[in-house]
Protein chains: 4
Amino acid sequence: MNTLKNSVRLVGNLGMDPEVKSFDNNRKLARLSIATNESYKNDKGEKITETQWHHLVLWGAQAKLAEDYLKKGDEVAIEGKLANRNYTDKDGVKRYVTEIVVNEFLKMR
Amino acid sequence: MNTLKNSVRLVGNLGMDPEVKSFDNNRKLARLSIATNESYKNDKGEKITETQWHHLVLWGAQAKLAEDYLKKGDEVAIEGKLANRNYTDKDGVKRYVTEIVVNEFLKMR
Amino acid sequence: MNTLKNSVRLVGNLGMDPEVKSFDNNRKLARLSIATNESYKNDKGEKITETQWHHLVLWGAQAKLAEDYLKKGDEVAIEGKLANRNYTDKDGVKRYVTEIVVNEFLKMR
Amino acid sequence: MNTLKNSVRLVGNLGMDPEVKSFDNNRKLARLSIATNESYKNDKGEKITETQWHHLVLWGAQAKLAEDYLKKGDEVAIEGKLANRNYTDKDGVKRYVTEIVVNEFLKMR
DNA sequence: TTTT
DNA sequence: TTTT
């Protein structure tokens, strides 16, 4: 447990159903996108909503739970940690992505 | 305040002195890189340390405080929110970056 | 902002409607009780639910929002800070209480 | 893990060495007091520091780590959960206490 | 005193 | 790509 060193908490809505992959060792991986919508009043008193999309990664038991209980549109709270990854895309360009590896989630009702 | 919807906490070491930019309206922006080092034991009982680098952005008073008090190597705790941004690099490739907009930091002694 | 030094986050159900008090200077205070229900499996595989009751205190704008939008039974997420207080009860016994001064809340649906 | 439902984070100084108790089953319990010092400017621009004392409880491996590495005066960051307990004191008065059961701690340097 |  |  290193939650003091690296911890993210989000509350938002899922933009997609979980994409689940199973590996040889039976271990599961689920991917999700979550949108956080934060609003504030600007100088003119207009309500502005800023949406951020975040990439979630779930492993093992959490992936299984996501597959069984979560779907597009659901509002969820998650706790996880930031992880950075890079890969080379189809055009040979090196890409960097930041993902949140989820430790725990709660579905809001 | 939307800390319930989008909140990140990190404890780590700064990889650089703050890069500070001042704007016309006297508003300041500081950029920092922070490394979080998490360790665990693998299957063979060996201690593995995983380092993640994160991009921090500080505005206004927080930028001023960072400029005055923080330098490369310092251990700091930060609280902020995840924000995604994109730009086109010098080769015309669209790039996506995830940054943490810092609300608050503590220097550890 | 001292959220790095002292921060509490709870998700639970309200055991009562907000108790609101107004002061001379028009400032409002609201009190709430919230139950957090955590479950786990014990040695025998039985599901155990442990309930903890927490005392919430809200001031000003947060008190007004609580008065307008929250009621007994609601599921809410809160962020606040721990504060300890003491008083002498009607029998002359000195009492210590721990309360959570709420900075922010979200009503779950 | 129920860190989404009930989570406390504190950064402060220990008011005492850990008080450690060992049980028959070899399980350890450690108790600690931690002071959080938050400062702000009042109406007159004076700096006010408010100190809160919190009761920490650590079990098992965390208790052992506390016993070995922590002492009075140390600055530590902790993550844990709120738990309420009651007992009858030597005068027959029923007492309620709020404690933080620590999941994880970091010693600051 | 809540909820599942 | 979500939601209010």
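All figures in this text were calculated on a predicted structure; none of them were measured in a lab. Naming convention: chains lettered A, B, ... in sequence-line order (proteins, then strands); numbering from 1 in each chain.
- One can place CG of Leu14(A) at 13 Å from P of dT4(F), the figure rounded to the nearest angstrom.
- The pair Lys107(C)-Glu75(C) does not meet the salt-bridge criterion, since no charged nitrogen lies less than 4.0 angstrom from a carboxylate oxygen.
- Atom P of nucleotide dT1(E) and atom CG of Leu70(C) are separated by 20 Å, given to the nearest angstrom.
- Toward the 5' end of DNA chain F, the nearer of the two residues His54(A) and Thr49(A), judged by each one's closest nucleotide, is His54(A).
- Counting non-hydrogen atoms under 4.0 angstrom, Thr51(C) reaches a base of the nucleic acid.
- Between the P atom of dT1(F) and the CG atom of Asp17(A) lies a distance of 14 Å, rounded to the nearest Å.
- No donor-acceptor contact under 3.5 Å links the side chain of Asn37(C) to the base of dT4(E).
- Here dT1(F) presents its C1' atom at 16 Å from CZ of Arg31(A), a figure rounded to the nearest Å.
- Interface remark: the Asn13(C) side chain does not form any donor-acceptor pair with the dT1(E) base, using a distance-only criterion of under 3.5 Å.
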* side chain to side chain donor-acceptor pair (under 3.5 Å) evaluation trace for Arg9(B) with Thr3(A) -> CA-CA 9 Å; Arg9(B) 282 162 185 257; Thr3(A) 182; over 6 Å; no

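- Taking atom CG on Leu32(C) and atom C1' on dT2(E), their separation rounds to 12 Å, with Å as the unit.
- Rounded to an integer number of Å, the gap from Glu50(A) CD to dT4(F) P is 19 Å.
- Residue Leu106(A) contributes atom CG, which lies 17 Å from atom P of dT3(E) at whole-angstrom precision.
- Taking the 5.5 Å centre cut-off and the 30° plane limit, the aromatic side chain of Trp53(A) is not classed as stacked on dT2(F).
- Atom CG in Leu10(A) sits about 13 Å away from atom C1' in dT2(F), given to the nearest Å.
- Side-chain contact check for Thr36(A) and His54(A): at least one donor-acceptor pair (N or O, by modelled atom type) lies under 3.5 Å.
- Checked by atom type, the side-chain pair Glu50(D)/Ser39(D) shows no donor-acceptor distance below 3.5 Å.
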